[in-house]
Colleague: 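Starting off with a structure, shown below.
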Amino acid sequence: MGKNIIEKILENHIVEGKPEKGREIGVRVDQTLTQDATGTAAYLEFEAMGFKKVKTEAVSYVDHNTVQVGFENADDHKYLQSVAEKYGIIFSRPGNGICHQVHLERFAKPGRILIGSDSHTPTAGGIGELAIGVGGLDVAVAMGGGPYYLTYPKVIKIELTGKLRPWVSAKDVVLKVLSILTTKGNVGYAIEYGGEGVKTLTVPERATITNMGAETGVTTSIFPSDEQTLDFMRKQQREKDWIPLEADPDATYDKVIKIDLSEIEPMIACPDSPGNVKTVKEVAGLNVDQVAVGSCTNSSYRDLMIVAHILKGRTVHRNVEFGVAPGSRQVVEMIDRDGGLNTLVKAGARIFESACGFCIGNSFAPGTNAISLRTNNRNFKGRCGTKSAKVYLVSPETAAAAVITGKITDPRDLEKMGIEYKKIDLPDEFVIDDSMFIFPLEEKEREKVKVFRGPNIKPIPKNEAPEETIKGVVTIKVGDKITTDHIMPAGPYLKYRSNVPKYAMHVFEPIDPDFPERALGNKEKGIANIIVGGESYGQGSSREHAALCPMYLGVKAVIAKTIERIHQANLVNFGIVPLLFEEPSDYDAIEQGDEIEIDNVRSTIKNGKDRVTLKDITKNKEIILKLYLTDRQRKIILAGGLLPFTAKGGTK
Ligand code: MIC
Ligand code: SF4
């Protein structure tokens, strides 16, 4: 029987388990990627497990925390650089660009497996790499030579036909996909693009689509590797890494969705979810206070050059503030060479460094109640740094239209203003300059490197195995679609990523700022903290701090209607027991503050059973909970988490 692309890559890399949907398999990992915000913890964990060198092609990027207010970020960068030098990791210096954009340009390879400690790692799927976002600890284990374990995914084929019309671009395609798949209910699936329409999209356009696939909750998204891929890689002087990759003609899929590119209109994701998609026409006319172009979704050469084209000879509307963060140094050099940078500056753009910046809420926060139009991929409430702001996600074309008009504007209306559409192709020549990478030293030299640790870097706290009976209290009950930005906000606290005791004091701050004090109080009294959540708990970022910091505060179990993939794995990695309501309506019965007991936890995990009983002592009610853990995850929890488990020599 024919195979699809995802099956082909997985089966080439499988080292454990059987390739059966829904079953856990272990795969060999070719490449790993970390960024500074998740990387410090990942490398502290790597060190704590006693590994001596990396076994993957590993790249450590610095792109999230580049603001350097205070010494913490600078010290973290120095720590990351010295760890890279010691263990044989390629170090991408701050200023070199956003990890996903740079990785696509310089390292991603079709047919390989990449795991990265960032949920947008699937960006590399645009080049035909099987790229998966995971927690830092999973990256650390893979760097040490261990397999990566995942559930063999079901595959959704998105069949593209036709060709995009003028003023419509890749962002509109992925927003269309989000309008169909939404942000929940897709755990366990991966997306594979195919069909004639694929040929019309360049690699950076494909990467915009695979990047934001993360918002649907799928494991990854991937495109075939074809002539377009070869063209991009040749221009990056990397054609030796190219291989063709396509699905067999008789490949099968679990679902097929057909999208005619020529029917897509400019789309917009309205506040406060990337899944709240409408057509731009439906919301046109709304006044805009801020426009931000950049992030790993939309900051390629094409994206910035189309914005420059639209703004040529025009200035920013007086009521709008406009910022641009180019995706990489390569992009900056090329838009500079081709005149785009000058046009943007002349138009009044504030040019930010090539980094995540506004996307993660550490700069360019909008004003009170402001409407901000952004080309990034997430608009969760408060993520931009301003709780009352309303963030809309759009294509670069729609963003540029608003820069001129001061209103949400369908970019097709630009023609009425005398602006002609211009198709921006990949440039014939790319600027290749790898001087901001620090490549690994000779092995002998590495031994001499001393790892630098600033005073803000604290060891990773460890957990203990769960008790047979968890006696505790529902310290917090939250609703549906709680994101990791709600659980562990980033923005101003990013600088505490390597200081868990300090960072933990901000857990759940956007929802309930008293949570950490309450949780610590219980912990001191020996009472376990329990989190109760609704549907799709733990959406969004891969940040393992959303498990690690609650663990530090004494959280022993999370009970929800459903838990998202990366977050579930992170909970297990830190020894927190993930539990699901067997009967979703039981969610309504349990309340914050309820005293509870969960019996037979250890023995149920140990004996491979999957039901435990929760006694709600306050309500005098019993609730059945499901444990959904693979055999390996059971062993990890019983060891107190992946760190102690791996340190004791167990990778299986
Ligand atoms: C994000 O977009 O939320 C981040 C910041 O890139 C995160 C990683 C992090 O929290 O460090 C992600 O997507 O995984
Ligand atoms: Fe950085 Fe934003 Fe991309 Fe996350 S989504 S990697 S914060 S640019």
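Both ligands and their constituent atoms are indexed starting at 1 by order of listing. Index from 1, following the sequence.
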Colleague: For residues Tyr149 and Thr630, is any side-chain donor paired with an opposing acceptor at under 3.5 Å?
Modeller: no
Colleague: Taking 4.0 angstrom as the limit and counting only heavy atoms of Arg383, give me the atoms of ligand 1 inside it, by number and element.
Modeller: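 Here the atoms of ligand 1 in question are 1 (C), 2 (O), 3 (O).
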Colleague: Tell me, please: is Arg378 in heavy-atom contact with ligand 1, that is, under 4.0 Å?
Modeller: yes
Colleague: Pairing donors with acceptors under 3.5 angstrom, does anything connect the side chains of Asn298 and Thr375?
Modeller: no
Colleague: Could you tell me if Glu564 and Ser536 have a donor-acceptor pair between their side chains, going purely by distance under 3.5 Å?
Modeller: yes
Colleague: Given Arg497, Arg543, His64, identify the one with the heavy atom nearest to atom 11 (O) of ligand 1.
Modeller: Arg497
Colleague: Report yes if some heavy atom in the side chain of Asp303 is under 4.5 Å from a heavy atom in the side chain of Val293; otherwise report no.
Modeller: no
Colleague: Provide the number and element of each atom of ligand 1 under 4.0 Å from a heavy atom of Ala37.
Modeller: 11 (O)
Colleague: Of the protein's non-hydrogen atoms, which lies at the shortest distance from atom 7 (C) of ligand 1, and what is that distance?
Modeller: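 Ranking protein heavy atoms by distance from atom 7 (C) of ligand 1, first comes Ser541 OG, 3.2 Å.
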Colleague: Angle between ring planes, Tyr193 versus Phe223, binned at 30° and 60°: parallel, tilted or perpendicular?
Modeller: parallel
Colleague: Closer than 4.0 angstrom, basic N to acidic O: yes or no for Arg453 and Glu47?
Modeller: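 Yes, this pair counts.
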Colleague: May I have the step-by-step check of side-chain contact (heavy atoms from CB on, under 4.5 Å) for Phe452 and Gln81, ending in yes or no?
Modeller: CA-CA 9 Å; Phe452 172 86; Gln81 182 172 340; over 6 Å; no
Colleague: Could you tell me, atom by atom, which parts of ligand 1 come under 4.0 Å of a heavy atom of Asp118?
Modeller: 4 (C), 6 (O), 7 (C), 8 (C), 12 (C), 13 (O), 14 (O)
Colleague: Identify the closest protein heavy atom to atom 13 (O) of ligand 1: which residue and atom is it, and at what distance?
Modeller: Ser119 OG, 2.5 Å
Colleague: Under a plain distance cut-off of 3.5 Å, with no hydrogens placed, do His100 and Asn211 share a side-chain donor-acceptor pair?
Modeller: no
Colleague: Output the set of protein residues with a heavy-atom contact under 4.0 Å to ligand 2, ordered first by chain identifier and then by residue number.
Modeller: His64, His100, Asp118, His120, Ser295, Cys296, Cys356, Cys359, Ile360, Asn377, Arg383
Colleague: For Asp272, is there an ion pair with Arg383 - N to carboxylate O distance below 4.0 angstrom?
Modeller: no
Colleague: May I ask you to list the atoms of ligand 1 that are less than 4.0 angstrom from any heavy atom of Ile360?
Modeller: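 Answer for ligand 1: 5 (C).
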Colleague: Any carboxylate oxygen within less than 4.0 angstrom of a Lys/Arg side-chain nitrogen, looking at Glu397 and Arg302?
Modeller: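 Yes, Glu397 and Arg302 are salt-bridged.
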Colleague: So if I count the atoms of ligand 1 from 1 in the order they appear, which ones are less than 4.0 Å from some heavy atom of Thr38?
Modeller: 9 (C), 11 (O)
Colleague: Just checking, is any N or O donor in the side chain of Gln633 or Glu24 under 3.5 Å from an acceptor N or O on the other one?
Modeller: no
Colleague: Any idea which protein heavy atom is nearest atom 8 (C) of ligand 1, and the distance to it?
Modeller: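 Protein heavy atom with the smallest distance to atom 8 (C) of ligand 1: Gln35 NE2, 3.2 Å.
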